[in-house]
Amino acid sequence: MVTKTNLKVAIAHLTSRKRQAVVAVLSVTFGVGLFIFMKSFVGGINAQQADLVFASSAHIRIFNEANSQVPNIIPNTETQVVNVRNAKAIQYTEGIKNAEKVIADLQHNPHILSVTAQVNLPATFKNGSAKTGGVLSGVDVVNEDLMFGMKKFIQNGSWEELDISNNHIVIGRGMAEKLNLTVGSMIAVTSADNVSKNFKIVGIVYSGTTAVDDNKGFIKKTAALQLSKKNQNYATDIQINIRDFEQAMEIALPMKQEVAYKVESWQESNQQLVTANNLRNMISTVVPLVLIIVAGFGIYNIMTMTVNEKIKEIAILKALGFGGKDVIQIFLTQAVLIGIVGAVTGIGLGYLISTIMSKLPISLGTANHLIILFEPKTYMLATGIGLIITIIAGYLPARKAAGVDPVQIIRG
Amino acid sequence: MENLALSVKNINKYFHDPETFQVLKEVSFEVKKGEFLALVGKSGSGKSTLLYVLSTMDTDFTGSLIINGTNLEGKTQNELAAFRNEHIGFVFQFHYLLPEFSAIDNVMLPAMKLGKKSHEEIRGDAMQNLILLDLKEQAEKPASKLSGGQQQRVAIARALINQPAIIMGDEPTGNLDSKNAKGVFNIFKQLCKEKGQTIIAVTHDDDFAANCDRIIEMRDGILFS
Ligand SMILES: Nc1ncnc2c1ncn2[C@@H]1O[C@H](COP(=O)(O)OP(=O)(O)OP(=O)(O)O)[C@@H](O)[C@H]1O
Ligand SMILES: [Mg+2]
């Protein structure tokens, strides 16, 4: 610990150079404040992006790969014979035939939070002459809500009513607008192999993702199985949520060995998003870090000036019997004081900017203001980096001061 | 041996800049405990240089230096710092105080570093020293706001605070009027007599020197006792 005397000398040095001390503190304040704000801001954007992704797909998805392959109808060589089939026709004839067993096996995995099976069918949605293509999604009504928070996306009507009847459907807002439909209207759905059925709309969903809002109709899984003439054990997709979505890739990896179907983490199916997130993360780290390091150079500079200016006093202290350790302590204390005051005010600044920005009415997707995270770990990280940089910046001049030869200085 | 405050043997010291020359030549002498010694000599003869060697601040020399029975050869800088904090009081040729600190805080510094007494005790001691040097009114003033003579007396008060075995002064009364110089001389004399402290003072003041127990003289780096 710093001795009382050394602390007193350190404070005397700081207060005798108030302006430089204030500049040094402010440079840390801005560095730390900006670090906190940018991290929280980008964290918010990334979390919102993830939310959008997770509104329609889970952390990990299991499906039959044949489904998703778009057949290449352009021959690679002139001699190659291309078998052109209707891709839609084969899409749902594949799928997962033993869904229940696959799900039962997954229950043992401790990382998994929830699992639900879906029967997704390409379909045409019609209202009179107006029609649009999309996906009819047969779901477990309760589980689907648990995993994707469907209830909170319902704009009109209700999600629960879906469970009441095999004739009920919930459709996306975009589709409802396009087909001019509201809650209570009837909608005709035709599957890819021309089976048609009328459903009654019980809810309109608005999730903020076009994949859902413009394309999807939700019905009970049993209704979808009926429509596609499949047995209970069939599903096209098994959706899995895990405890920490950041770990989806690691957790999906061993599952790829155990499950006979394609296992895909959200990162793999949203590579663009992951890249964008990483890029944002990088910028939000590098920019403020550079700022803090620049602040560090500033402190280094100011501390070096202090050492040069106070070199006589250092010589006196050493002549009086203060050791090198005391001198290091004196200057390091100054740096730490600058760092602490800068970090604390920086936390305040970061919090203030974050709060103000989070209140501004800027709409993005389903949110009507910026999503900014308030995570203690960001604040701690910023404080830690700020302190470490100031300590390093203070240590180098302090070591120089400790090496001062008192005789040389006192002799003049 | 027991009653020797200081013993130096064959001290040689060179300066290399701008050209090599020998500033101290085979300097050897002894000082008894409680002795008041005057070191005289022409300007540039090497008095200050010798004093810095004796004070343990300057370690760039050859020869042996024993203070209060402790051989200081081979000690680290930090050990030497701790040693002089406890055993040596130093008054520089030009009074060197911490300008931001008050007079009394300056006086307290070496004792605070030593850390053997409570803050209150040290403050009491420091106040007594200031009173002794007729500085009672200046105690709380920042050092930078004191006159040259006052600063020099604060430096003397500071040199005495840890009751060091040896007090070294480089023209400790150089900046004082004759009345104050007399006062300081009397204080030194008293410390030697009553507390058995040893004093080595560089001086150009013939009166001052004449009243000391013993005079040694530097001439071009050679000591004549
Ligand atoms: N750092 C140094 N480098 C080179 N030569 C030095 C250095 N310091 C002192 N000298 C020289 O050493 C000699 C002795 O200097 P010193 O300061 O000991 O003299 P002094 O006896 O104290 O003189 P004064 O009475 O003027 O204070 C002088 O010739 C001086 O020029
Ligand atoms: Mg001199």
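Residue numbers begin at 1 in each chain, while the letters A, B, ... track the order of the sequences.
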Worksheet item: Among B/Pro99, B/Ala159, B/Gly115, which has the most heavy-atom pairs under 4.5 Å with chain A?
Response: B/Pro99
Worksheet item: Applying a criterion of heavy atom separation less than 4.5 Å, what residues of residues 123-147 of chain B form contacts with chain A?
Response: none
Worksheet entry | Ion pair check, A/Glu313 and A/Lys318, cut-off under 4.0 Å | no
Worksheet entry | B/Asp220 bridged to B/Lys25 by N-O distance under 4.0 Å | no
Item to complete: Assess the pair B/Tyr96 and B/Phe94: is the distance between their ring centroids shorter than 6.0 Å?
Response: no
Practice prompt. Flag the one option from B/Asp170, B/Asn78, B/Leu98 with the top tally of heavy-atom pairs under 4.5 Å to chain A.
Written response: B/Leu98
Response to the item:
Whatever's closer than 4.5 Å to a heavy atom in chain A on B/Leu114 counts as neither
Worksheet item: If you count heavy-atom pairs under 4.5 Å between each of B/Arg84, B/Met112, B/His119 and chain A, which one has the most?
Response: B/Arg84
Discussion item. Could you check, using the six-membered ring where one of them is a Trp, whether B/Phe185 and B/Phe36 have ring centers closer than 6.0 angstrom?
Written reply: yes
Discussion item. Salt bridge or not between A/Arg17 and A/Glu309? Use side-chain N to carboxylate O under 4.0 Å.
Written reply: yes
Practice prompt. Check each atom of B/Tyr52 against the heavy atoms of chain A and say whether the ones under 4.5 Å are side chain, backbone, both or neither.
Written response: side chain
Discussion item. With a 4.5 angstrom heavy-atom cut-off, is it the side chain or the backbone of A/Lys4 that approaches chain B, or both, or neither?
Written reply: side chain
Worksheet item: Thinking salt bridges, do B/Glu217 and B/Arg219 make one under a 4.0 Å N-O criterion?
Response: yes
Worksheet item: Checking heavy atoms, do the side chain of B/Phe101, its backbone, both or neither come under 4.5 Å from chain A?
Response: side chain
Discussion item. Whether B/Glu171 and B/Lys47 form a salt bridge (side-chain N of Lys/Arg under 4.0 Å from carboxylate O of Asp/Glu) is what I want to check.
Written reply: no
Practice prompt. Describe, in one word, how the ring planes of A/Phe41 and A/Phe37 are oriented to each other, choosing from parallel (under 30°), tilted (30 to 60°) and perpendicular (over 60°).
Written response: parallel
Response to the item:
Most heavy-atom pairs under 4.5 Å with chain A, out of B/Ile88, B/Asp105, B/Asn162, belong to B/Asp105
Discussion item. Given heavy-atom pairs under 4.5 angstrom as the criterion, report whether the side chain, backbone, both or neither of B/Thr76 touches chain A.
Written reply: neither
Discussion item. Quick check on the interface: out of A/Val9, A/Thr15, A/Thr3, who has the most heavy-atom pairs with chain B under 4.5 Å?
Written reply: A/Val9
Worksheet item: Do we get A/Lys377 above A/Tyr379's six-membered ring, with its NZ or CZ under 6.0 Å from the centre and within 45° of the axis?
Response: no
Discussion item. For the aromatic rings, using the six-membered ring if either is Trp, is the centroid distance between A/Phe331 and A/His13 under 6.0 Å?
Written reply: yes
Discussion item. So that I can tick it off, tell me whether A/Asp326 and B/Lys113 are bridged by a salt bridge, with the cut-off set at under 4.0 angstrom between side-chain N and carboxylate O.
Written reply: yes
